[in-house]
Peer 1: 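Dumping the structure here so I can ask a few things about it.
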Amino acid sequence: AQVAAGRVRRAGSSVAVIDHRPFGGTCALRGCDPKKMLVSGAEAVDLARRMQAAGVEGELHIDWKELIAFKRSFTDPVPKKRERSFVDQGIDAFHGTARFAGPDTLTVEGRSLKAKHILIASGACPVPLEFPGAEHAIASDGNVDQWRGCSCI
């Protein structure tokens, strides 16, 4: 949505972005980026342990509190930076859930927004897996089972 919003704004149209979650998206806040930081910590400990027979010495462990703090040092600033980016581009940003009030009108936080074009970038829902042990799988937002009621499943 942010790429489309920026392009449409640069083309000269008024743009508003609405999200009921913090701005930044799944990848930057809950998915790809934080996962890489957490997995890298586990990989570093695993590699060092496997190299102990080859001259690497010392016992390593993960200090979960410190690793999470490190991850948050990257993820926590994202929503404000993203919102600042919208402001800098002249894009109006709204926090809340948008609802259609007509064919060309949305409401969010008690405010009515009218538009010639409305882009719905709703994201996706994880698909529940069907194999033994799947109940142990999680998605970026929690257990996959919580998504069973999602409209895209």
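The figures here come from the full heavy-atom set of this structure, side chains too, leaving out hydrogens, waters and symmetry mates.
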Peer 1: Donor-acceptor pairs under 3.5 Å, side chain of residues 32-46 to any protein atom, not counting sequence neighbours: which ones?
Peer 2:
| from | atom 1 | to | atom 2 | distance (Å) |
| --- | --- | --- | --- | --- |
| Ser40 | OG | Lys36 | O | 2.7 |
| Asp46 | OD2 | Arg50 | NE | 2.9 |
| Asp46 | OD2 | Arg50 | NH2 | 3.0 |

Peer 1: Would you kindly confirm whether Val8 and Phe23 end up in one hydrophobic cluster when ILVMFWY residues are joined by side chain heavy atoms under 4.5 Å apart?
Peer 2: yes
Peer 1: Please answer: with hydrophobic residues joined when any side-chain heavy atoms are less than 4.5 Å apart, are Val56 and Leu47 in the same cluster?
Peer 2: yes
Peer 1: Tell me the closest heavy-atom pair linking Lys114 and Asp104, and the distance in Å.
Peer 2: CE-OD2, 3.0 Å
Peer 1: If you take all heavy atoms of Ser112 and Thr105, which pair is closest and at what distance?
Peer 2: OG-CG2, 3.2 Å
Peer 1: Could you please spell out the steps behind the side-chain contact (heavy atoms from CB on, under 4.5 Å) verdict for Leu113 and Ile18?
Peer 2: CA-CA 11 Å; Leu113 305 171; Ile18 305 164; 3.8 Å; yes
Peer 1: If we only count heavy atoms from C-beta on, is the Phe100 to Ile120 side-chain gap below 4.5 Å?
Peer 2: yes
Peer 1: For Arg21 and Arg30, which heavy atoms make the closest approach, and how far apart are they?
Peer 2: NH1-NH2, 3.3 Å
Peer 1: For the residue pair Arg72 and Pro77, what are the closest heavy atoms and their distance?
Peer 2: O-CD, 3.8 Å
Peer 1: State, to 0.1 Å, how close Ala5 and Val17 come at their nearest heavy-atom pair, and which atoms those are.
Peer 2: CB-CG2, 3.8 Å
Peer 1: Got a sec: does the CD of Glu59 have more than 12 other heavy atoms crowding it under 6.0 Å?
Peer 2: yes
Peer 1: Are Phe94 and Val87 in one and the same hydrophobic cluster, where Ile, Leu, Val, Met, Phe, Trp and Tyr link if side-chain heavy atoms are under 4.5 Å apart?
Peer 2: no
Peer 1: Let me confirm one number: the CG-CZ distance from Asp19 to Arg82, rounded to the nearest 0.5 Å.
Peer 2: 10.5 Å
Peer 1: Do the side chain of Arg9 and the main chain of Gln89 share a donor and acceptor less than 3.5 angstrom apart?
Peer 2: yes
Peer 1: Got a second to check how far Ser13's OG is from His117's NE2, nearest 0.5 Å?
Peer 2: 7.5 Å
Peer 1: What is the minimum heavy-atom distance between Pro79 and Leu29, and which atoms define it?
Peer 2: CD-CD2, 3.8 Å
Peer 1: Which residues satisfy the side chain to side chain contact (heavy atoms under 4.5 Å, CB included) test with Leu119, sequence neighbours excluded?
Peer 2: Ala4
Peer 1: Around atom CZ of Arg49, are there more than 12 heavy atoms of other residues, nucleotides or ligands at under 6.0 Å?
Peer 2: yes
